[in-house]
Trainee: 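Handing you a structure now.
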Amino acid sequence: MVLLRDGQTAYFPFLKLDFDMNKKFSTLMLALIIGLMIVAIGMGFLFGPTNPIPWILMGVLVVIVIIYNRRSGRDKLEWKDEYSVGIKDLDDDHKQLIILLNRFLTAYEYHTGEAFERGTLKELLDYTRYHFDKEEKMMEDYDYPGLAEHREQHESMIAVVGQFQKDYEARGHEALQGVANYLYGWLISHINGTDKLYMPFLTGKGLS
Ligand SMILES: [Fe+2]
Ligand SMILES: [Fe+2]
């Protein structure tokens with residue numbers, strides 16, 4: 001994680017390599033354990049449906065999958081009231097951006113296939129552009145003095161993601177690690193940092 005001049009944080013792939021390697025390793029281990037348990041369950045049923053062992057193993061399997069999913073779920077972003085910028089329309093957009101980012105992260109982390117990965121990333125970026133335009137128009141309408149700097153933040157994010165998209169065209173799925181890490185770090189720090197800067201000004205103009 002690197003602190004940028006406006007207090008935002010940027011995430012770079014190599015800095016999160018350990019984390020991603022650990023995650024990949026635990027996913028592989030889980031797949032191995034599930035595979036072995038399925039084999040054991042199948043063999044257990046060879047001794048008849050009254051044999052309790054396969055039923056117990058099936059229960060353990062379900063518990064393992066539930067626990068793993070809950071642990072994975074903690075990595076997803078969640079909306080918090082403290083992220084509010086005091087303007088419902090923009091808060092709703094930010095909530096939607098978090099939903100779309102989580103959808104993209106799920107598509108990437110679970111290797112759901114190129115079409116779905118590409119679709120969720122496009123949906124997220126389209127909505128991001130739509131939201132940036134709306135936010136900038138609102139700041140423009142009320143002569144917000146920090147508009148130029150804020151717009152610069154939006155444009156630099158779009159440029160970075162554009163580079164990642166080119167990388168994706170060249171390298172496919174593996175390139176998404178960079179965009180996932182970047183967006184994961186960027187989104188909340190922007191909503192809860194840069195966007196918060198216009199809050200007193202715009203709410204002071206009567207927006208809510
Ligand atoms: Fe925003
Ligand atoms: Fe913004």
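Counting starts at 1 for both ligands and their atoms, in listed order. Just so you know, these numbers come straight off a predicted model, no measurement behind them.
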Trainee: Can you confirm whether or not the ring centre of Tyr198 sits under 6.0 Å from the ring centre of Phe201?
Mentor: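 Tyr198 vs Phe201: aromatic centres not under 6.0 Å.
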Trainee: Which atom name would you report as the N, O or S atom of Asp195 nearest the Fe ion (ligand 2)?
Mentor: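 Result for Asp195 and the Fe ion (ligand 2): OD1.
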Trainee: Output yes when a side-chain donor or acceptor of Ser84 lies under 3.5 Å from a complementary backbone atom of Asp81, and no otherwise.
Mentor: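 No.
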Trainee: Tell me which N, O or S atom from His150 is the closest to the Fe ion (ligand 2).
Mentor: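 Going by distance to the Fe ion (ligand 2), the closest N, O or S atom in His150 is NE2.
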Trainee: Would a line drawn from the ring center of Tyr108 to the ring center of His173 be shorter than 6.0 Å?
Mentor: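 Distance test on ring centres: under 6.0 Å, yes.
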Trainee: Which single N/O/S atom of His154 lies at minimum distance from the Fe ion (ligand 2)?
Mentor: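 The atom in question is NE2.
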Trainee: Below 6.0 angstrom between ring centroids: does that apply to Tyr83 and His94?
Mentor: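 No.
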Trainee: Is the Fe ion (ligand 1) under 2.8 Å from any N, O or S atom of His94?
Mentor: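 Looking at His94, which is the residue asked about, there is an N, O or S atom under 2.8 Å from the Fe ion (ligand 1).
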Trainee: Nearest N/O/S atom of Glu135 with respect to the Fe ion (ligand 2), by atom name, please.
Mentor: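 Output for this pair reads OE1.
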Trainee: Determine the interplanar angle of the Tyr144 and His150 rings, folded into 0 to 90°, and report it as parallel if under 30°, tilted if 30 to 60°, perpendicular if over 60°.
Mentor: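 It falls in the perpendicular class, over 60°.
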